[in-house]
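Chain letters run A, B, ... following the sequence lines, proteins first and then strands; every chain starts at 1. What you are looking at is a predicted structure, and each value in this text was computed from that prediction instead of being measured.
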Amino acid sequence: MKQNFYQKVYEIVSKIPKGRVTTYGTIAELAGSKGSARMVGWALNSLKSQPVNLPAHRVVNRNGLLTGKHHFGGECIMSELLSNEGVKINGNRVINFEDYFWNPTETIY
DNA sequence: TGATTGACCAACT
DNA sequence: CAGTTGGCCAATC
């Protein structure tokens, strides 16, 4: 069975290593639709009602900004989680984002 | 079924 | 610098 966009998103996000972050656009691209970064957010949004536990806090926007922080149930939750894993956060942005950036294609291959 | 929305991205005004 | 527009695709109303 072909994996849907959702399925791919879940798969990729669940594979994000601790202390790393990735972007919606990258996930969307790997999932098969580059322009569908919004769908990634949609998928993650559905996670709130699902029994799975994906590190969605490790997914940030293209600029390394924590755009989804408000959807974690709080404004500090996302930054707290990331900083707890070793990812330094400056307000709503990941410090040294390029250095923390995780490329799914390298791990999933 | 049609219209709206959505945790984005890029470009333009 | 802030606001708008177009694009992308699927879910929800």
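Separating the NE2 atom of A/His70 from the C1' atom of B/dA7 is a distance of 10 Å, rounded to the nearest angstrom. Atom-to-atom, CD of A/Glu29 to P of B/dC8 comes out at 17 Å; the value is rounded to the nearest Å. As rounded to whole Å, 16 Å separates atom C1' of B/dC8 from atom NZ of A/Lys69. Spacing between atom CZ of A/Arg62 and atom P of B/dC9 amounts to 7 Å, rounded to whole angstrom units.
In this structure the side chain of A/Leu65 never reaches within 4.5 angstrom of the side chain of A/Val60, judged on heavy atoms. At a threshold of 4.5 Å between non-hydrogen side-chain atoms, the residues A/Arg58 and A/Trp102 do not count as touching.
Under the ring pair (Phe, Tyr, Trp, His ring centres under 6.0 Å) criterion, no residue pair touches residues 52-81 of chain A, with sequence neighbours excluded.
Using a 4.0 Å cut-off, some side-chain N or O of A/Thr67 falls inside it from OP1 or OP2 of B/dC8. Proximity of A/Asn61 to the phosphate of B/dC9: a side-chain N or O atom is located under 4.0 Å from OP1 or OP2.
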*Reading nucleotides 8-13 of chain C 5' to 3', which nucleotides get B (base under 4.0 Å from a protein heavy atom), which S (sugar-phosphate only), which -?*
BBSSS-
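Formation of a donor-acceptor pair under 3.5 Å by the A/Ser33 side chain with backbone atoms of A/Ser36 is not found in this model.
Heavy-atom minimum distance, A/Phe97 versus A/Asn61: CZ-O, 4.1 Å.
Ion pairing between a basic and an acidic side chain is recognised when a charged N comes within 4.0 Å of a carboxylate O; A/Glu85 and A/Arg20 show no such pairing.
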*side chain to side chain contact (heavy atoms under 4.5 Å, CB included) assessment of A/Val87 paired with A/Val94*: CA-CA 7 Å; A/Val87 180; A/Val94 178; 3.5 Å; yes
*Run the numbers on A/Leu66 and A/Ser79 for side chain to side chain contact (heavy atoms under 4.5 Å, CB included), then give the verdict.*
CA-CA 8 Å; A/Leu66 307 181; A/Ser79 53; 4.1 Å; yes
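Using a 4.0 Å heavy-atom criterion, one finds that A/Ala56 contacts the bases of the nucleic acid, with or without backbone contacts as well.
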Distances under 3.5 Å between nitrogen or oxygen atoms of protein and nucleotides 11-13 of chain B:
none

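For the pairing with A/Val59, the side-chain contact (heavy atoms from CB on, under 4.5 Å) check across A/Ile16, A/Thr26, A/Thr23, A/Thr67 returns one residue only, A/Ile16.
Comparing the P positions of C/dC8 and B/dT1 gives an interatomic distance of 23 Å, to the nearest angstrom.
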